[in-house]
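Here is the structure we will look at.
Just so we're on the same page: letters track the sequence lines, and every chain starts at 1.
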6 protein chains.
Amino acid sequence: MKIVVVNPNTSRSMTDAIGHAARSAASPGTEILAVQPEYGPEAIDCAMESYLSAVAVMDRLLTLGEPYDAVVLAGFGEHGREGVQEIVDVPVIDIAEASAHVAQMIGRSYSVVTTLQRSVGAIEDRLRLAGLADRCASVRACGLSTLEVDDDPAAAMEEIVAEAGRAVRDDHAEVICLGCGGMAGLDEAITARLGVPVVDGVAAGVRLAEAVAGLGLRTSKVCTYAAPDPKRIPAWPLSRHLKAAVR
Amino acid sequence: MKIVVVNPNTSRSMTDAIGHAARSAASPGTEILAVQPEYGPEAIDCAMESYLSAVAVMDRLLTLGEPYDAVVLAGFGEHGREGVQEIVDVPVIDIAEASAHVAQMIGRSYSVVTTLQRSVGAIEDRLRLAGLADRCASVRACGLSTLEVDDDPAAAMEEIVAEAGRAVRDDHAEVICLGCGGMAGLDEAITARLGVPVVDGVAAGVRLAEAVAGLGLRTSKVCTYAAPDPKRIPAWPLSRHLKAAVR
Amino acid sequence: MKIVVVNPNTSRSMTDAIGHAARSAASPGTEILAVQPEYGPEAIDCAMESYLSAVAVMDRLLTLGEPYDAVVLAGFGEHGREGVQEIVDVPVIDIAEASAHVAQMIGRSYSVVTTLQRSVGAIEDRLRLAGLADRCASVRACGLSTLEVDDDPAAAMEEIVAEAGRAVRDDHAEVICLGCGGMAGLDEAITARLGVPVVDGVAAGVRLAEAVAGLGLRTSKVCTYAAPDPKRIPAWPLSRHLKAAVR
Amino acid sequence: MKIVVVNPNTSRSMTDAIGHAARSAASPGTEILAVQPEYGPEAIDCAMESYLSAVAVMDRLLTLGEPYDAVVLAGFGEHGREGVQEIVDVPVIDIAEASAHVAQMIGRSYSVVTTLQRSVGAIEDRLRLAGLADRCASVRACGLSTLEVDDDPAAAMEEIVAEAGRAVRDDHAEVICLGCGGMAGLDEAITARLGVPVVDGVAAGVRLAEAVAGLGLRTSKVCTYAAPDPKRIPAWPLSRHLKAAVR
Amino acid sequence: MKIVVVNPNTSRSMTDAIGHAARSAASPGTEILAVQPEYGPEAIDCAMESYLSAVAVMDRLLTLGEPYDAVVLAGFGEHGREGVQEIVDVPVIDIAEASAHVAQMIGRSYSVVTTLQRSVGAIEDRLRLAGLADRCASVRACGLSTLEVDDDPAAAMEEIVAEAGRAVRDDHAEVICLGCGGMAGLDEAITARLGVPVVDGVAAGVRLAEAVAGLGLRTSKVCTYAAPDPKRIPAWPLSRHLKAAVR
Amino acid sequence: MKIVVVNPNTSRSMTDAIGHAARSAASPGTEILAVQPEYGPEAIDCAMESYLSAVAVMDRLLTLGEPYDAVVLAGFGEHGREGVQEIVDVPVIDIAEASAHVAQMIGRSYSVVTTLQRSVGAIEDRLRLAGLADRCASVRACGLSTLEVDDDPAAAMEEIVAEAGRAVRDDHAEVICLGCGGMAGLDEAITARLGVPVVDGVAAGVRLAEAVAGLGLRTSKVCTYAAPDPKRIPAWPLSRHLKAAVR
């Protein structure tokens with residue numbers, strides 16, 4: 001099985017880290033192809049960046065030019081999953097949703113610990129639209145941006161563990177979801193200190209993609225996620241016309 | 001007061017129609033500037049197109065180069081409002097939300113009549129995230145695409161009035177919201193036949209934009225809709241690099 | 001356009017203050033007629049007083065004897081809007097609901113700061129029935145009664161600003177609604193200190209009334225808010241029989 | 001134990017019928033005092049009438065002048081319960097709420113069958129504010145007004161049974177609540193035809209009032225339902241000043 | 001009227017205490033039969049024990065061999081009510097639900113104070129499935145197990161009153177429900193200290209059972225709670241085959 | 001990896017069918033151990049049977065005597081998952097929940113088609129408590145009991161496909177979940193006829209169990225699902241004392 005894991009931002013180091021996390025989590029026999037868009041922000045911390053990323057991710061998949069069995073979208077709380085479901089035929093798994101699915105299977109309630117307070121709303125919205133908010137005890141921010149977490153995960157750990165501790169103690173969370181790709185690897189530290197299971201989104205996404213694809217299931221095309229009707233869309237996919245600008 | 005009304009698709013005739021509807025609804029003294037993106041689909045009927053449109057609309061506003069007092073986003077159920085709120089300082093009004101606000105002020109419950117069944121989910125999602133779904137009796141589709149409605153509004157009227165009638169009779173809707181820009185002008189026909197008030201989104205958007213701007217209020221920048229942090233975003237705004245492709 | 005703004009209590013000074021606030025917020029060309037009931041409490045702090053006020057407000061409108069284009073009900077969290085919608089033909093705007101409508105257009109979430117804890121329930125109920133509770137982060141009480149706020153707004157400011165600060169910090173409110181007529185004027189102080197937009201109910205009500213009436217829309221009479229059927233109602237309107245008692 | 005059962009309208013025959021129903025349902029040793037307001041409508045079919053009735057009911061209780069152990073408010077979906085809870089010390093039971101409480105104890109879901117469609121909203125609102133809407137499968141209207149049901153219950157029965165049948169068959173209601181005082185006596189007919197239990201509101205209200213008072217419990221006065229603060233309320237209670245008009 | 005009150009655990013002293021509480025709360029003329037299962041845990045603090053208890057309670061009622069008019073299930077937050085409703089014809093009242101019903105009739109909101117944090121979820125689930133969670137301000141744990149409360153109620157009182165105080169102050173609860181059978185008798189202490197009414201589940205259950213049975217109502221058998229279809233169930237009721245083991 | 005798949009009823013043929021379905025769905029290298037309880041009903045169609053089954057399933061697992069990596073509970077809408085989570089250390093997956101998880105990953109909304117109308121409530125409750133009801137368009141019954149479906153799946157197919165068709169057409173379901181173990185194999189027929197993906201619960205449960213166990217995650221033991229405290233439970237596990245009766 002071949003799974004395309006899409007880092008929604010244009011940071012090469014983060015794409016590498018996500019690819020590494022995906023390969024560590026995958027079953028034997030699963031091939032991981034980690035890709036990133038050709039344009040868009042190097043990190044995503046607001047809706048403007050998230051929308052741009054969603055388009056760039058769709059663009060990347062439209063121009064990928066090789067077959068695969070499932071897609072994992074490795075942005076936590078980003079836009080785009082519905083659009084990707086329309087343009088590809090294989091299962092599409094968003095890692096924020098994957099985290100919540102897995103968390104609900106192993107605990108009565110879960111909390112998400114993410115980066116900045118301004119990102120909390122986007123994650124709440126995504127969980128809510130996916131029908132996964134009911135068992136969410138809280139979405140909490142540690143106060144560090146994606147780049148800050150990425151730059152120095154060790155230094156970020158104290159803040160993240162502290163916030164996870166508040167989720168467990170004050171919100172009665174029984175599982176913690178790491179709400180940011182750059183948090184990969186912190187799961188063991190949190191479990192060791194707080195005694196709760198920790199779900200890493202990329203790992204959860206890969207395993208659920210394997211499960212759904214392994215069941216022989218694909219996105220329902222009967223209505224909402226049907227392929228777009230043929231239509232003139234000037235300059236789309238945009239990447240074909242942006243070559244010079246993005247090199 | 002000057003209000004920018006943004007048609008989210010690239011159909012010039014629809015931009016003209018929206019501009020006309022906006023001017024008809026505006027107060028004396030309000031200037032309407034109707035614009036459209038420089039790239040993206042000529043009509044929006046799915047999430048892929050909606051995401052692309054959201055980016056193209058933000059792009060258009062970032063490169064507009066003249067001052068204004070409010071923005072009205074004239075797509076019904078499209079993405080993008082949160083992103084626009086981040087990048088402009090003045091009030092931003094989405095017409096699906098504006099329709100619901102106005103409908104709730106004049107009736108106990110409302111229904112939306114839109115184009116295709118596949119668009120129902122997007123409208124439901126937008127209303128839900130805006131906290132406006134509670135008094136929504138139903139979102140119903142008349143079965144015609146945006147282009148079909150736009151091509152022949154007269155022929156579409158029978159289907160739309162029939163669907164509105166089902167909303168009133170079966171769902172106990174007391175107000176009907178027209179869920180598509182191309183439906184402008186059908187309001188009188190529906191009111192005449194069904195006896196319920198009909199809300200046109202562009203008109204509602206313009207009047208609410210006047211109201212909010214007139215109160216001297218602007219989008220809260222304290223958290224979610226703060227301006228994006230400075231960050232390297234290759235090729236953004238994209239329009240600067242797509243000139244050749246979109247002409 | 002002529003808008004009747006109804007102070008629901010019988011305090012002449014509060015009627016004057018509400019009339020002043022309404023005129024300050026109105027568009028040029030809008031005439032404000034500020035009225036108050038002929039009987040009922042001089043301030044409203046509980047359900048008994050609120051119900052009595054609702055009847056006295058309907059009574060006042062039934063006996064007003066001059067034409068107008070919209071009604072603004074200037075009680076925050078009081079009963080009566082549905083009844084007024086039945087007996088008048090023009091749009092009827094409740095200021096608690098108007099505040100929430102406007103707040104939702106300029107922020108992801110809002111909090112209301114009101115007077116006494118015992119009034120919190122009434123405001124929550126009104127927002128909930130209006131379908132506007134979903135984006136309400138909290139309704140908080142500053143601990144002062146309507147009369148105490150009215151008597152000494154300056155002294156009340158510290159308490160109100162402190163409570164608004166808790167709403168922003170603890171409940172992540174991005175907009176503050178002032179939940180009491182007597183709080184008019186405090187908006188600038190709160191915005192200056194907390195950096196969040198503040199919505200004044202009377203101002204919001206007047207501008208939304210202008211918007212809805214300007215759209216040519218009226219309350220739906222198709223079902224819930226149809227005019228009452230003719231019926232013998234002894235002594236109604238009551239004011240005709242209470243002349244001696246209320247002078 | 002002495003229970004005051006308040007007919008919210010001014011129809012003497014309906015007060016007598018309610019008193020009869022209450023006495024039939026009461027335990028041995030319970031005394032029923034059936035009263036009606038001194039002013040207000042002879043039947044309640046809209047919000048305006050309901051608000052006026054709420055005030056007249058509070059007025060009646062304030063001027064009753066004799067002790068009692070509990071109050072049953074015998075209007076289905078009318079306003080006023082919260083106000084009465086403030087002004088009396090004993091338990092106050094609303095019959096719409098009582099019906100829902102009892103229905104939830106004997107079935108998974110219940111439906112209400114009431115009079116006119118325009119009254120459905122008021123009943124839904126009351127159940128929702130009381131926290132009793134979750135197990136409500138539907139509130140359905142038979143299309144006859146209170147006076148029409150009262151005038152000819154036999155003729156109304158066919159319509160009511162038909163509507164109850166739709167609730168059982170289409171909404172999967174397992175219990176039917178009769179949503180109108182004048183429907184008393186129809187319960188046996190419905191149970192015989194549909195096989196579901198039927199709850200009569202007045203009977204449910206009386207038995208629950210006995211239960212709560214028998215437990216030695218009273219309305220919590222710690223916050224929302226505390227007695228109104230002393231305050232000058234011109235002409236209140238109104239009945240003292242309306243003597244001539246209402247005789 | 002004869003009411004069977006079922007202690008869901010196998011502690012004889014707790015059965016006696018529950019029987020005593022039931023008799024104290026019952027109306028004159030009501031006979032209380034307090035029973036306990038023949039197998040299962042001596043106290044219930046988790047789902048495994050709760051499920052086993054539910055089966056043992058059904059078993060006990062199936063083999064009781066004498067007529068009665070209603071059943072009160074005296075476990076707070078335990079499983080089983082739906083099963084008992086299927087196998088008996090008379091009304092079945094769960095004390096957690098009864099507490100919530102009564103609390104909602106005397107206050108705007110209520111909190112439950114129970115034993116261990118791990119039991120909070122079970123109580124929340126029961127209230128939610130019963131449609132009684134909406135007015136529940138919180139379910140709080142005092143941190144003591146059922147056996148600890150039972151062993152030394154006096155020593156437990158301080159913890160329980162402290163937790164109830166937090167519910168009133170922080171969650172704005174207006175009524176407190178005692179979430180554990182062994183807490184009987186603490187109600188007066190809490191009311192004296194906090195000024196809020198306190199609902200004891202066994203007392204509430206008995207009075208509501210009297211009310212429902214007194215109305216001549218029984219569980220609806222039209223669908224969910226119909227008697228089980230005849231079917232071969234090996235070894236059922238189990239008690240017939242466990243005689244030696246449980247003596 | 002070794003997964004124990006537990007048929008909750010005592011039908012040997014159904015255990016065999018479930019084991020076969022599980023093996024067909026499992027990844028290479030996954031060993032399936034299909035077991036059934038030693039007592040309890042041969043099919044489960046009501047709450048009484050479901051509770052008894054939950055106890056018998058826990059009993060079976062407590063006395064299994066061999067190691068395994070995950071448990072799949074193969075009853076659709078049955079009780080017991082929370083109890084099993086307490087007594088085993090490995091992940092526990094309920095097939096109704098697993099179906100909903102998978103369905104939500106491949107479509108905007110899903111419907112469940114189950115056996116009898118009386119079972120609908122149990123499935124709705126399980127989905128609701130698991131936080132998976134929000135995207136559930138409907139739970140529909142085909143009107144045949146578990147045994148009828150099991151006896152003659154071919155004859156049952158017409159009814160099931162017809163009901164699934166109503167879910168797609170009337171409720172806008174985009175995915176169908178087969179709500180009964182005996183429905184295995186019908187998925188291809190439904191997909192062929194209706195064009196929507198069909199989720200089989202046993203298959204979904206096995207693949208999700210592989211995914212969660214493969215992630216190295218286990219049920220959170222920090223609160224609700226902690227192991228039961230040591231306690232005297234007479235005759236437990238019951239199977240040790242029922243040997244004679246169940247042979």
Side-chain angles (χ1 to χ4, degrees), chain E residues 10 38-59 62 79-87 116-122 124-125 128-129 145 147 222-229 231-236 238-247, chain F residues 10 38-59 62 79-87 116-122 124-125 128-129 145 147 222-229 231-236 238-247:
Chain E
T10 52
E38 296 189 33
Y39 51 96
E42 62 190 347
I44 305 171
D45 292 299
C46 68
M48 183 269 272
E49 294 162 2
S50 177
Y51 280 124
L52 178 55
S53 161
V55 167
V57 163
M58 291 191 296
D59 190 329
L62 280 174
H79 287 99
R81 191 254 298 155
E82 300 91 333
V84 175
Q85 285 180 302
E86 293 170 356
I87 62 174
L116 300 173
Q117 183 64 36
R118 74 172 302 168
S119 299
V120 167
E124 289 177 346
D125 285 358
R128 195 173 186 191
L129 289 187
S145 74
L147 289 177
V222 79
C223 184
T224 308
Y225 304 131
D229 290 323
K231 191 178 287 183
R232 200 183 73 85
I233 305 182
W236 180 246
L238 306 177
S239 57
R240 292 184 186 149
H241 309 278
L242 293 168
K243 294 294 181 203
V246 299
R247 291 298 145 93
Chain F
T10 50
E38 296 189 34
Y39 49 96
E42 62 189 347
I44 305 171
D45 291 301
C46 68
M48 183 270 271
E49 293 162 2
S50 177
Y51 280 124
L52 177 55
S53 160
V55 166
V57 165
M58 292 191 295
D59 191 329
L62 280 174
H79 287 99
R81 191 254 297 156
E82 301 91 333
V84 175
Q85 285 179 303
E86 293 171 356
I87 62 174
L116 300 173
Q117 182 63 35
R118 73 173 302 168
S119 298
V120 168
E124 288 178 346
D125 284 359
R128 195 174 186 191
L129 289 187
S145 74
L147 290 177
V222 79
C223 185
T224 308
Y225 305 131
D229 291 321
K231 191 178 285 183
R232 202 183 73 86
I233 306 182
W236 181 245
L238 306 177
S239 58
R240 292 183 186 149
H241 309 277
L242 292 169
K243 294 292 180 202
V246 298
R247 291 301 145 95

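The candidate from F/H241, F/E82, F/E86 with the greatest count of non-hydrogen atom pairs under 4.5 Å with chain E is F/E86. Counting heavy-atom pairs closer than 4.5 Å to chain F, the top-ranked of the candidates E/D229, E/D45, E/L52 is E/L52. Per-residue counts of heavy-atom pairs under 4.5 Å with chain F were compared for E/A122, E/A227, E/A226; the largest is that of E/A226. Note: E/A43 leads E/A43, E/S50, E/A54, E/S145 in heavy-atom pairs under 4.5 Å with chain F. Put simply, of E/I87, E/V120, E/V222, E/L129, the one with the most heavy-atom pairs under 4.5 Å next to chain F is E/L129.
For F/I44, the part sitting under 4.5 Å from any heavy atom of chain E is the backbone (N, CA, C, O) and nothing else.
Contact check for F/D59 versus F/E38: no side-chain heavy atoms found under the 4.5 Å cut-off. Counting heavy atoms from C-beta outward, E/Y51 and F/V84 have side chains that stay 4.5 Å or more apart. Residues F/M58 and F/W236 are in side-chain contact: their nearest non-hydrogen atoms beyond the backbone lie under 4.5 Å apart.
Ring geometry for F/H79 versus E/H79: interplanar angle over 60°, hence perpendicular rather than tilted (30 to 60°).
Taking all atoms of both residues into account, the shortest heavy-atom contact from F/Y39 to E/P234 is CB-O, 4.1 Å.
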